[in-house]
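Report on the structure given below.
We count residues from 1, following the sequence as given. In each ligand, atom 1 is the first atom listed, and ligand 1 is the first ligand listed.
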Amino acid sequence: MKNFDIVIIGAGPGGSFAAKAAAENGYSACILEKEELGDKGRYKACGGALAWELVEEIGFPEEKISRVIESLELHHVDGETFSKKGKGGVVWRSTFDKYLTDMAVDAGALLKEKEPMINVEKQDGLYEISTDRDKYTAKYVIAADGVNSLTLKLLKWPPFAKDNLVLTITEERKTATSNIDTHLGSDAVHLFFGIKNLITVGYAWLFPKADTITVGWGNQINLVSNSREEFKKFTALSFVKQALKNSTLEIFKPHLIPVGLRSKLYEDNVFAVGDAGGIVDPISGKGIPYAMMSGQIAIESIKTCENRDKLDKLGITYGRSLDRRFLKVLVAKRFTRDKIYQDEESLKKFLRLWESHRSSEIVMKKLMD
Ligand SMILES: Cc1cc2nc3c(=O)[nH]c(=O)nc-3n(C[C@H](O)[C@H](O)[C@H](O)COP(=O)(O)OP(=O)(O)OC[C@H]3O[C@@H](n4cnc5c(N)ncnc54)[C@H](O)[C@@H]3O)c2cc1C
């Protein structure tokens with residue numbers, strides 16, 4: 001039996017940032033990760049788009065960025081296009097996640113990779129966490145094991161509502177860099193919208209990396225009738241077909257994105273962070289920065305409540321800190337999302353506004369009303 005203050009399940013951005021914060025605050029922390037990490041390790045279906053501020057904040061090396069982006073091209077299938085300027089980077093998640101996990105290990109957290117958690121239960125006031133080869137105990141558990149969180153399933157937390165899940169399909173298609181530069185531009189990512197003729201609630205995308213195009217599609221899961229056919233309809237659009245000509249399929253992967261919160265994010269010393277809690281931007285599907293921040297905020301909440309001897313306030317402290325930092329805006333975005341997809345006119349209005357406003361500004365200033 002190995003004893004820790006905090007056991008973190010999952011070494012995605014949420015788990016790694018929680019582990020880093022835990023170690024920096026003097027807690028003994030262990031991350032359990034079921035896959036192997038690193039460039040040859042687990043593949044994570046993701047656009048991998050990061051805002052430049054995040055790249056700078058964590059000092060992510062520029063040579064590890066697959067493509068620097070200067071604009072977001074927004075296509076409506078009826079032919080109208082919109083362009084949103086802003087610097088960002090597109091990364092492979094295997095590289096990015098390993099960088100974050102290394103930060104956690106450097107700070108003093110213990111990493112157990114290729115060691116899936118298979119059970120968690122409370123015994124005599126402590127959590128007992130079993131993997132396929134060992135047992136661990138901890139006072140606190142951080143559920144950072146993604147949208148399908150086994151941790152929260154085992155602890156019998158309620159699942160996500162169906163209209164809070166987006167089903168995505170990702171294809172990684174290898175091609176010549178010159179092909180990408182010609183068809184997509186050297187520094188742009190492309191998003192595709194259209195309620196009637198493409199996706200009811202969601203969008204599709206082409207995110208170029210150095211010599212690969214990440215082709216993605218995502219629709220609210222309860223509105224999907226045949227995902228492969230719907231994905232095919234996207235790749236048959238003439239712009240997309242041109243860009244994907246002379247490319248070879250390397251990876252095909254379906255995955256879920258949560259676009260609304262779980263009914264709770266804390267209970268009895270267990271914190272849901274990142275995708276496990278549904279802490280994702282419901283309009284864009286951006287989740288990496290929110291996973292990182294929620295992981296860090298969970299640990300800060302523990303520290304604050306322990307220092308003030310107010311452990312009964314852990315849940316409130318976590319919830320309020322999340323709200324103050326960004327959660328209030330994400331919750332408001334969930335309502336705006338319904339307005340955006342109510343008809344083509346509203347969708348166009350949003351795309352027009354998005355060209356020159358941040359989506360948080362559109363939501364908080366009620367520009368869609
Ligand atoms: C198709 C797609 C495109 C996306 N594009 C973007 C984008 O461009 N930009 C952006 O910001 N966000 C994007 N997102 C969202 C982003 O990927 C997630 O929000 C983010 O990965 C959440 O991080 P996390 O740490 O909460 O969970 P995850 O990254 O899912 O990490 C969970 C970790 O837990 C591990 N795990 C699971 N079960 C166990 C277990 N039993 N034991 C041990 N370990 C376990 C997994 O192996 C994994 O490493 C996209 C998502 C999808 C699906």
Salt bridge flag under 4.0 Å for residues D187 and K87: no
Given that the side chain starts at C-beta and the backbone is N, CA, C, O, which of these parts of C46 lies under 4.0 Å from ligand 1, counting heavy atoms, or is it both or neither? both
Proximity to ligand 1 by part of L32, non-hydrogen separation under 4.0 Å: backbone
For W205, which part has a heavy atom under 4.0 Å from ligand 1: side chain, backbone, both, or neither? side chain
Do the side-chain N and O atoms of N164 and R334 include a donor-acceptor pair separated by under 3.5 angstrom? yes
Using the ring centroid of each side chain, check whether Y203 and F193 are separated by less than 6.0 Å. yes
Please list the nearest protein heavy atom to atom 15 (C) of ligand 1 with its residue and the distance rounded to 0.1 Å. G285 O, 3.5 Å
of all protein heavy atoms, closest to atom 38 (N) of ligand 1 is K34 CE, 3.5 Å
Side chains of S359 and K333, donor plus acceptor under 3.5 Å: yes
Counting only heavy atoms, tell me which of E113, E33, E36, E35 gets closest to atom 35 (C) of ligand 1. E33
Establish, from distance only, whether the side-chain atoms of E73 and S71 form a donor-acceptor pair under 3.5 Å. yes
Under 4.0 Å, heavy atoms only, figure out whether ligand 1 is touched by the backbone of A144, its side chain, both or neither. backbone
Structural part of F207 in contact with ligand 1, heavy atom criterion under 4.0 angstrom: side chain
Do E80 and H75 have side-chain N/O donor and acceptor atoms under 3.5 Å apart? no
Which is it for I257 and ligand 1 at heavy atoms under 4.0 Å: side chain, backbone, both or neither? side chain
Ignoring hydrogens, what is the shortest heavy-atom contact between F239 and H183? Give both atom names and the distance. CZ-O, 3.7 Å
Look at atom 21 (O) of ligand 1 and find which of R42, M117, R93 reaches it with the closest heavy atom. R93
For ligand 1, is any non-hydrogen atom under 4.0 Å from T168's backbone (N, CA, C, O), its side chain (CB onward), both, or neither? side chain
Which atom names give the shortest non-hydrogen contact between P208 and R67, and what distance separates them? O-CD, 3.5 Å
